[in-house]
Amino acid sequence: VQADALILEAYAGIGQFGTTVKALELDVGTVSATTYAGGIHLHEANDLVIGDTVVTLSIVNTLANVSTDSHSGNGLATGSGVPVVVLAQGDLELVAGSVLADGSVVELTGVSDLRLESATGTVSVEADVLSGGGTITIVGALTVSTASDADVRTSGSGALYIESQTAQVLFGANSEQTTGSGTIAVRAASDILLGKRMATAGAVQLIAGSGWIRDRITDAVVDIEALSLQVEAGLGFGELGSDVNAVETTVGVFSARVGAGGLNVMETDSLVVGDTVVQTRYVATDGTVVTMTVKTTSDVISSANGSLVLRTGGDLVLVDGSAPTNSSAVAANGSGNILLETLGAGSSISLIADVVSDTGSISVIAANNLSTIGTASLRTGGTGTLDIQARSGSVTLSTESDQETEQGDIRVAAGENITIGGIMRTLGGVSLIAERGWIRDGDSDGSTDIDAATLRFAAGRWVGQLGANDNAIETTVERIG
């Protein structure tokens, strides 16, 4: 079909799926399509607009008089449980329809799956794209973008898969991407700009190959709600420095890979850094739903000297996941610094795996208690410092837990007590402050607890133990003050 505007309406389907997969070939400007019991399968040879279409005919009657008859169509609409695939060779633009729900441009009933694709151009979503429970896939060779109020929504176990193969994915300021429990996957060759809200009771996966993932708006509104969040960004996730802007999350489990831009995350409640397991789904060109191989990643890791800032409103638990298995949960490359902090009243930090940087400084600050379990240690090098705090509670370091740097200082401060673990080692100074409590050695094996140039104790009650439970703190230091 060649035309400026095209309206398609059919009861049993437009184009073919199933045993015979065949699209209706088009060369049109604007199209709308409606079916009631079948799918929609369209291939456009050039640019395509999906939206309102109007066709006006001049009708000649038996008296040779002419009257006009106008017919209008609006976006894409189907009955329940059918696939929709639209492929444009050029740019694909979806504009608001005048009669579909809430001004949407795509309205699919029930578990109807959708694929919208530009083979060589951009995809611009300027109005809502809705499915009643199917999987939605949007793929562009170039930039994929949504307008400010344009949502992409499904429900139930329906998945969302949005990809820019060579450029960016840019969500509008009030744009939402939501489903019930299905996965949400957003992939871009370069950057991803988050919109108002991305939400599922399942997993979210964000991959920005060579670029960054950022929050469009500097506010405290939650950007991502999910059971788990898996992030890979060639540059960074969130922003640090002069344009500081955290990505706000409400997720259960988190893992991330970032580059020189680092990571800045503000989690609203409790968080585990550990294994994130994501199995994405997308709609193929034949209208079938493809389930991809499970991808598991763990830890929060930077490259290229990227710094890591992770704050939570609730408890923070750091575990050594399975991908990779390397005994660490948080690792900053080179001179990258690390801040791990819980802000909510009564919130604590539990380290079940190492926190490490090559030469950057590390701060681990709990609103209440801070503890290490097993061999979980904190290490850096060069002049990097270690700052370990339990503001209102206690610091409890396990007997196999070490805190080490080369030349930087080490400070451990607690509102209550400090239990020393394995060894604190530096060529710089060590300061231990237990504001209202005691400082004591967690073991009684006589091994050195503190190896430093200088050492300072400040305790509200005592340092070391006397009497029946006699247990000295063993030191190798040049000066105690």
Side-chain angles (χ1 to χ4, degrees), residues 220 238 240-241 244 246-249 254 256 262-273 299-300 302 306-319 328-332 335-357 359-373 376-380 383-398 401-405 408-421 424 426 428-437 439 456 458-460:
L240 297 170
V244 61
V247 175
E248 289 82 16
T249 65
F254 178 60
L263 177 139
N264 190 0
V265 172
M266 179 65 229
E267 165 66 29
T268 60
D269 52 21
S270 297
L271 182 68
V272 175
V273 172
D299 305 347
V300 174
S302 76
S307 293
L308 305 171
V309 174
L310 176 58
R311 296 170 294 159
T312 67
D315 294 341
L316 177 61
V317 179
L318 309 178
V319 301
S328 67
V330 179
S335 60
N337 300 314
I338 298 173
L339 169 62
L340 305 173
E341 184 176 13
T342 64
L343 301 172
S347 59
S348 298
I349 297 178
S350 298
L351 278 69
I352 312 176
D354 295 350
V355 176
V356 298
S357 175
T359 60
S361 293
I362 298 174
S363 292
V364 183
I365 304 170
N368 190 22
N369 295 317
L370 187 153
S371 62
T372 64
I373 297 172
S377 299
L378 295 96
R379 294 188 179 93
T380 186
T383 58
T385 62
L386 299 180
D387 182 22
I388 302 165
Q389 297 185 48
R391 286 199 170 115
S392 64
S394 297
V395 174
T396 305
L397 304 172
S398 71
S401 176
D402 299 331
Q403 300 77 49
E404 297 180 289
T405 180
D409 293 336
I410 300 174
R411 178 177 69 170
V412 181
E416 296 292 339
N417 307 313
I418 296 174
T419 301
I420 300 170
M424 294 183 190
T426 179
V430 171
S431 176
L432 303 180
I433 306 165
E435 184 178 349
R436 297 178 298 276
I439 302 170
R456 173 178 178 261

Under 3.5 Å, side chain of D269 to main-chain N/O of G313, donor-acceptor pair present? no
Can you find a heavy atom in the side chain of T249 that is under 4.5 Å from one in the side chain of F254? no
Would a distance-only check, ignoring hydrogens and angles, find a side-chain to backbone donor-acceptor pair under 3.5 Å from S401 to T372? no
Go through it in stages, so that I can follow the logic: the residues are V364 and I349, the test is side chain to side chain contact (heavy atoms under 4.5 Å, CB included), and I'd like the CA-CA distance, side-chain angles, deciding distance and then a yes or no. CA-CA 8 Å; V364 183; I349 297 178; 3.8 Å; yes
So does T385 get a backbone contact from the side chain of D409, meaning a donor-acceptor N/O pair under 3.5 Å? no
Test log, rule side chain to side chain contact (heavy atoms under 4.5 Å, CB included), inputs T380 and I338: CA-CA 10 Å; T380 186; I338 298 173; over 6 Å; no
Quick one: which of L370, I388, I439 gives a side-chain contact (heavy atoms from CB on, under 4.5 Å) with I418? I439
Are the side chains of L340 and L318 in contact, using a 4.5 Å heavy-atom criterion? yes
Step by step, work out the side chain to side chain contact (heavy atoms under 4.5 Å, CB included) result for V273 and L310. CA-CA 10 Å; V273 172; L310 176 58; 3.8 Å; yes
Residues S335 and T359: closest non-hydrogen pair is CA-OG1, 3.4 Å
Minimum heavy-atom distance between A414 and S394, given as atom pair plus value: CB-CA, 4.2 Å
Verify, without hydrogens or angle tests, whether T426 (side chain) and G428 (backbone) share a donor-acceptor contact under 3.5 angstrom. yes
Should T396 and N369 count as side-chain neighbours, where that means a heavy-atom distance under 4.5 Å? no
Side-chain donor or acceptor of R436 paired with backbone N/O of S392 under 3.5 Å: yes
Which atoms form the tightest heavy-atom contact between S357 and G336, and what is the distance? OG-O, 2.7 Å
Any idea which heavy atoms bring G437 and A459 closest together, and the distance? O-CB, 3.7 Å
Would you sort out whether Q403 and V412 count as a side chain to side chain contact (heavy atoms under 4.5 Å, CB included), showing the intermediate values? CA-CA 10 Å; Q403 300 77 49; V412 181; 5.8 Å; no
For residues T268 and E248, determine if any side-chain heavy atom of one lies less than 4.5 Å from a side-chain heavy atom of the other. no
Got a second to check how far R456's CZ is from S431's OG, nearest 0.5 Å? 4.5 Å
Is the shortest side-chain N to carboxylate O distance from E341 to R311 below 4.0 Å? no
In terms of heavy-atom contacts, L386 and L378 come closest through CD1-O, 3.7 Å
Taking all non-hydrogen atoms of both residues into account, name the closest pair between A256 and L263 and its distance. CB-CD1, 3.6 Å
Which one of V272, L351, T312, L271 satisfies the side-chain contact (heavy atoms from CB on, under 4.5 Å) criterion with V317? V272
Rounded to the nearest 0.5 Å, how far apart are CG of L343 and CE of M266? 5.0 Å
Side chains of V265 and V300 in contact at under 4.5 Å (non-hydrogen atoms): no
Please answer whether the main-chain N or O of S270 pairs with a side-chain N or O of D315 as donor and acceptor at a distance below 3.5 Å. no
S363 side chain to D387 backbone, donor-acceptor under 3.5 Å: no
